[in-house]
Amino acid sequence: MLFASFTLHPQSVAAWLVIGLVIGWLAGKVMEYPSYGIIGDLALGAIGAVIGGAALGFFGDGDPSFWIGLVTALVGACVFVGVAHAVVARLNA
């Protein structure tokens, strides 16, 4: 099944946002240059986490466990922040 039933649980979205904010903050500390500032890094982390967590619910079959959703949100936030920083570094080079 390509597109599964898509349901969002409020506690999952809240956990995704918290994970995204932490990853955004960590990315700002680890990747000093280029940086979007603390607010920008937090926003990028939160957006990436929500995209990653929602993608699991969108493409996965059945209702994934809470921990699997957190891991997917973590990966989504890391990828999103990393790509955004790489694009800015490439444009500034």
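Rounded to the nearest 0.5 angstrom, L26 CG and L21 CG are separated by 11.0 Å. Taken from CD1 in I51 to OG1 in T72, the straight-line distance is 13.5 Å, to the nearest 0.5 Å.
Hydrophobic clustering (side-chain heavy atoms under 4.5 Å, transitive across Ile, Leu, Val, Met, Phe, Trp, Tyr) keeps V75 apart from W67. Under the 4.5 Å side-chain contact rule for hydrophobic residues, V79 and V87 share a cluster. Hydrophobic clustering (ILVMFWY, side-chain heavy atoms < 4.5 Å, transitive): I47 and V71 are in distinct clusters. In the hydrophobic clustering of ILVMFWY residues, with side-chain heavy atoms under 4.5 Å counting as a link, V81 and V88 come out together.
Each of L74, L44, D41 was scored for a side-chain contact (heavy atoms from CB on, under 4.5 Å) with I23, with one residue passing: L74.
Between A77 and G45 the shortest heavy-atom distance is CB-O, 3.4 Å. In plain terms, the two heavy atoms of A49 and W16 that are nearest each other are CB-O, 3.1 Å.
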